[in-house]
2 protein chains.
Amino acid sequence: MNTPTSLSLEENLTAAAQWCTKRGEKLTDQRREVLSLLLAAPGSMKAYDLLAAIQKQKPTAAPPTVYRALDFLVAAGLAHKLESKNAFVACCDFEHPHHGVMLICDQCLTVKELSDETLEARLIEDAAAYGFSVAAQDIEVKGLCANCRNSESEGKP
Amino acid sequence: MNTPTSLSLEENLTAAAQWCTKRGEKLTDQRREVLSLLLAAPGSMKAYDLLAAIQKQKPTAAPPTVYRALDFLVAAGLAHKLESKNAFVACCDFEHPHHGVMLICDQCLTVKELSDETLEARLIEDAAAYGFSVAAQDIEVKGLCANCRNSESEGKP
DNA sequence: CTTCAAATTGATATGTTATAACATCTTTAA
DNA sequence: TTAAAGATGTTATAACATATCAATTTGAAG
């Protein structure tokens with residue numbers, strides 16, 4: 001899913017570059033830099049935070065610098081936008097062209113992406129019942145992740 | 001669901017006012033005006049479009065005027081925000097405290113809200129499998145509504 | 001190797017969405 | 001009647017995103 005599970009940062013970047021090549025595109029330095037920041041982040045990152053990070057190396061970077069890279073990464077399936085937070089996360093499951101279920105922790109802000117084909121099928125069915133044909137979907141769930149639930153319950157009776 | 005089915009605009013507004021009273025709140029003129037605009041709109045409306053509409057009656061209205069009303073309406077369940085479009089829709093099913101599935105037509109921009117308890121249960125289950133407890137969810141589906149699909153297929157062989 | 005076209009990046013400006021902060025007015029209940 | 005809570009007025013600014021056009025890089029054709 002979205003979190004760098006078994007692969008290292010470098011391995012992820014290499015795999016991403018290969019994926020781009022396969023698509024007839026290129027993971028340029030700027031795109032690679034943004035993806036690298038997203039992969040390294042524990043949760044999601046905002047465009048202007050990415051910009052600030054990039055400006056440390058390259059002070060002339062401007063908003064279009066980062067938004068262009070983000071547009072590219074999202075189009076390539078290498079990142080997702082969290083619409084409800086105006087934030088972005090890396091996606092390591094880029095070979096599959098879908099946008100999964102995003103579990104966003106209200107407390108620690110980490111994001112876990114999960115996939116449920118049955119759920120998606122049901123959604124498409126529901127839509128079809130109204131004559132609606134689905135092109136894309138965005139499912140964002142807010143709540144508390146396992147870690148934060150544990151921390152919360154610690155101080156209690 | 002979200003569309004004013006059987007009730008007239010006035011009836012909807014009256015029902016909304018009663019709902020607010022029940023909650024110990026008030027549907028003030030400004031809130032009523034914004035809700036009225038949302039109810040009358042075929043699809044969703046953006047905050048600054050609402051503002052422009054309100055300024056026709058009341059030229060001194062400013063962004064907080066409309067954002068405050070929207071915050072109130074969303075909190076009361078009388079409207080929903082479409083995160084992926086930064087837009088707002090009225091919700092006539094305000095007595096039920098959930099955010100349903102939003103079917104957003106890419107072409108005519110109308111919005112249909114539907115409810116599927118089974119789908120929601122599945123989502124909560126999926127999340128629970130990762131130790132995640134759900135507080136809120138937002139499901140937005142893009143595609144073509146029945147009408148627009150028909151219009152599209154007309155000119156074809 | 002050169003040259004052209006396409007893709008990418010640089011740079012500036014501006015558009016769009018949303019909130020902070022503080023003043024004022026209104027309502028309500030003690 | 002008056003203090004507290006709620007709602008609105010007003011100004012300013014923060015936060016998010018894109019348009020536009022110039023410059024540069026890349027890669028393929030000649």
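Chain identifiers are assigned alphabetically (A, B, ...) following the order of the sequence lines, protein sequences preceding nucleic acid strands; residue numbering begins at 1 within each chain. Quick note: numbers below take in every heavy atom, side chains included, and nothing from hydrogens, waters or symmetry partners. This is a predicted model, so every value here is computed, not measured.
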- prompt: Would A/Leu123 and A/Gln137 satisfy side-chain contact (heavy atoms from CB on, under 4.5 Å), going step by step from the backbone distance to the final call?
  reply: CA-CA 9 Å; A/Leu123 198 54; A/Gln137 82 221 18; 4.3 Å; yes

Gap separating the CG atom of B/Leu78 from the SG atom of B/Cys92, nearest 0.5 angstrom
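Rounded to the nearest 0.5 Å, the CG-SG separation comes out at 9.0 Å.
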
What's the spacing between A/Leu73 CG and A/Leu27 CG if we round to 0.5 Å?
->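 Between atom CG of A/Leu73 and atom CG of A/Leu27 there are 7.0 Å.
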
[X]: what forms a side-chain hydrogen bond (donor to acceptor under 3.5 Å, both in side chains) with it, not counting sequence neighbours?
X        : answer
A/Ser84  : A/Glu140, A/Lys142
B/Arg23  : B/Glu25
B/Asp138 : B/His99
A/Asn86  : none

Next item on the list: Could you name each residue pair satisfying ring pair (Phe, Tyr, Trp, His ring centres under 6.0 Å) that touches residues 53-72 of chain A, not counting sequence neighbours?
Entry: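 Qualifying pairs: none.
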
May I have all residue pairs that pass ring pair (Phe, Tyr, Trp, His ring centres under 6.0 Å) and include part of residues 9-47 of chain A, sequence neighbours excluded?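 Ring pair (Phe, Tyr, Trp, His ring centres under 6.0 Å) check on residues 9-47 of chain A returns A/Trp19-A/Phe94.
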
Just distance, no hydrogens or angles: give the donor-acceptor pairs under 3.5 Å from side chains in residues 28-48 of chain A, sequence neighbours left out.
unit_1	atom_1	unit_2	atom_2	d
A/Arg31	NH1	A/Lys26	O	2.7
A/Arg32	NH2	A/Glu10	OE1	3.1
A/Lys46	NZ	A/Lys85	O	3.0

TODO: Start with the C-alpha distance between B/Arg149 and A/Ser133, add both sets of side-chain angles, then the distance that settles side-chain contact (heavy atoms from CB on, under 4.5 Å), and finish with yes or no.
DONE: CA-CA 8 Å; B/Arg149 286 173 76 187; A/Ser133 74; 3.8 Å; yes

request  = Return the value, rounded to whole Å, for the distance between atom CG of A/Leu70 and atom C1' of D/dC16.
outcome  =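 Atom CG in A/Leu70 sits about 12 Å away from atom C1' in D/dC16.
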
Practice problem: Return no unless some side-chain N or O of A/Tyr67 is found under 4.0 Å from OP1 or OP2 of D/dA17. | Solution: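 Indeed, a polar side-chain atom of A/Tyr67 lies that close.
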
- Select from A/Ala47 and B/Tyr48 the residue whose nearest nucleotide in DNA chain D is closer to the 5' end of that strand.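 That would be B/Tyr48.
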
Quick check on contacts: within residues 81-88 of chain B, what sits under 4.0 Å from DNA chain C by heavy-atom distance?
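Correct list: B/Lys81, B/Asn86.
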
DNA chain C: 5'-most and 3'-most nucleotides touching chain B, 4.0 angstrom heavy-atom criterion |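 Going 5' to 3' along DNA chain C, contacts run C/dT17 to C/dT27.
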
### Message
Applying side chain to side chain contact (heavy atoms under 4.5 Å, CB included), can you list everything that pairs with A/Glu125, at least two apart in sequence or on another chain?
### Response
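With sequence neighbours excluded, A/Glu125 shows a side chain to side chain contact (heavy atoms under 4.5 Å, CB included) to no residue whatsoever.
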
Might you list the N or O atoms of the protein lying below 3.5 Å from N or O atoms in nucleotides 4-8 of chain D, with each pair's distance?
unit_1	atom_1	unit_2	atom_2	d
D/dA7	OP1	B/Arg31	NH1	3.4
D/dA7	O5'	B/Arg31	NH2	3.4
D/dT8	OP1	B/Thr28	OG1	2.8
D/dT8	O3'	B/Gln30	NE2	3.4

Treating Ile, Leu, Val, Met, Phe, Trp and Tyr as nodes and any side-chain heavy-atom pair under 4.5 angstrom as an edge, say whether B/Leu50 and B/Leu109 lie in one connected cluster.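 Cluster IDs for B/Leu50 and B/Leu109 differ.
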
Task: Angle between terminal axes - the helix from C/dC1-D/dG30 to C/dA30-D/dT1, 5 pairs each end, rounded to 10° - done: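 That helix gives 20° between its end axes.
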
